[in-house]
Amino acid sequence: QVQLVESGGGLVLSGGSLRLSCVASGRTFSGYSMGWFRQAPGKEREFVARISWSNENTNYVDSVKGRFTISRDNAKNTVYLQMNSLKPEDTAVYYCAAKPFGGTWNRAGDYDYWGQGTQVTVSS
């Protein structure tokens with residue numbers, strides 16, 4: 001079992017920045033790919049970014065490319081999402097998730113473990 005706890009959300013003005021963190025505990029973090037998803041009111045949960053266990057591969061949804069950066073520190077069992085140039089349409093609850101190595105990675109159903117979410121609100 002893997003427990004995930006997100007932090008770092010908040011209220012920010014359009015154009016501002018936030019850094020989300022997700023700390024994993026429980027069974028070993030080793031070999032797990034990590035993803036960030038978001039869900040706005042009335043919308044489905046949306047893939048945002050993912051990073052492989054080795055840090056060699058990252059992927060982003062088109063709407064955040066060039067603005068968001070996913071990274072991880074395996075020694076600290078932590079994954080980060082640096083969000084710059086935030087826009088009101090980025091407003092959502094952001095979730096981190098973990099999945100074993102292999103397979104697809106851009107669908108919520110691909111992930112076995114989820115955090116409780118952290119609210120990000122971007123005002124114009």
Side-chain angles (χ1 to χ4, degrees):
Q1 193 78 2
V2 174
Q3 290 81 42
L4 304 173
V5 179
E6 304 98 333
S7 62
L11 173 64
V12 64
L13 293 174
S14 181
S17 297
L18 284 173
R19 187 175 84 153
L20 305 183
S21 300
C22 173
V23 179
S25 61
R27 63 162 293 166
T28 178
F29 196 47
S30 176
Y32 276 74
S33 294
M34 300 298 296
W36 285 97
F37 286 74
R38 65 187 179 187
Q39 189 165 18
K43 296 188 176 181
E44 293 187 355
R45 193 164 296 190
E46 174 191 35
F47 168 78
V48 176
R50 76 101 182 186
I51 186 166
S52 62
W53 158 250
S54 64
N55 274 310
E56 291 179 350
N57 297 302
T58 59
N59 300 87
Y60 300 89
V61 67
D62 286 346
S63 60
V64 308
K65 285 180 181 177
R67 300 189 299 122
F68 291 11
T69 302
I70 189 171
S71 62
R72 65 190 292 169
D73 184 339
N74 289 334
K76 295 182 179 179
N77 285 351
T78 302
V79 62
Y80 305 96
L81 186 68
Q82 177 67 43
M83 306 186 295
N84 300 328
S85 302
L86 282 161
K87 305 175 181 181
E89 51 264 44
D90 295 317
T91 296
V93 177
Y94 283 70
Y95 299 88
C96 74
K99 67 177 294 295
F101 173 80
T104 57
W105 38 259
N106 61 341
R107 302 174 304 176
D110 296 330
Y111 292 78
D112 294 338
Y113 303 104
W114 291 85
Q116 82 289 349
T118 185
Q119 176 70 47
V120 171
T121 303
V122 184
S123 64
S124 58

Practice problem: May I ask you to test the K99-W105 pair for a side-chain heavy-atom distance under 4.5 Å? | Solution: yes
Self-check item: Check: Q3 and Y113 side chains under 4.5 Å, non-hydrogen atoms
Solution: no
Quiz item: Is the closest side-chain heavy-atom distance between L20 and V120 below 4.5 Å?
Solution: yes
Practice problem: Tell me whether I51 is reachable from Y80 by hopping between hydrophobic residues (I, L, V, M, F, W, Y) whose side-chain heavy atoms are closer than 4.5 Å. | Solution: no
Quiz item: Does the side chain of R50 come under 3.5 Å of the side chain of N59 through a donor N or O and an acceptor N or O?
Solution: yes
Exercise. Determine whether D90 and R38 make a side-chain contact, defined as any pair of heavy atoms from C-beta on separated by less than 4.5 Å.
Key: yes
Quiz item: Would you say L81 and V48 make side-chain contact, with heavy atoms under 4.5 Å?
Solution: yes
Quiz item: Between the side chain of T91 and the main-chain N/O of T121, is any donor-acceptor distance below 3.5 Å?
Solution: no
Quiz item: Are D73 and T78 linked by a side-chain donor-acceptor pair shorter than 3.5 Å?
Solution: no
Practice problem: Kindly give the heavy-atom pair with the smallest separation between P100 and D112, and that separation in Å. | Solution: CD-OD2, 3.1 Å
Exercise. Using modelled atom types only, decide if a donor and an acceptor are shared between the side chain of R45 and the backbone of R107 within a distance under 3.5 Å.
Key: no
Quiz item: Are L4 and Y111 close enough that some pair of their side-chain heavy atoms sits under 4.5 Å apart?
Solution: no
Quiz item: Do W36 and C22 come close enough that some side-chain heavy atom pair is under 4.5 Å?
Solution: yes
Quiz prompt | Check: E6 and Y94 side chains under 4.5 Å, non-hydrogen atoms | solution = no
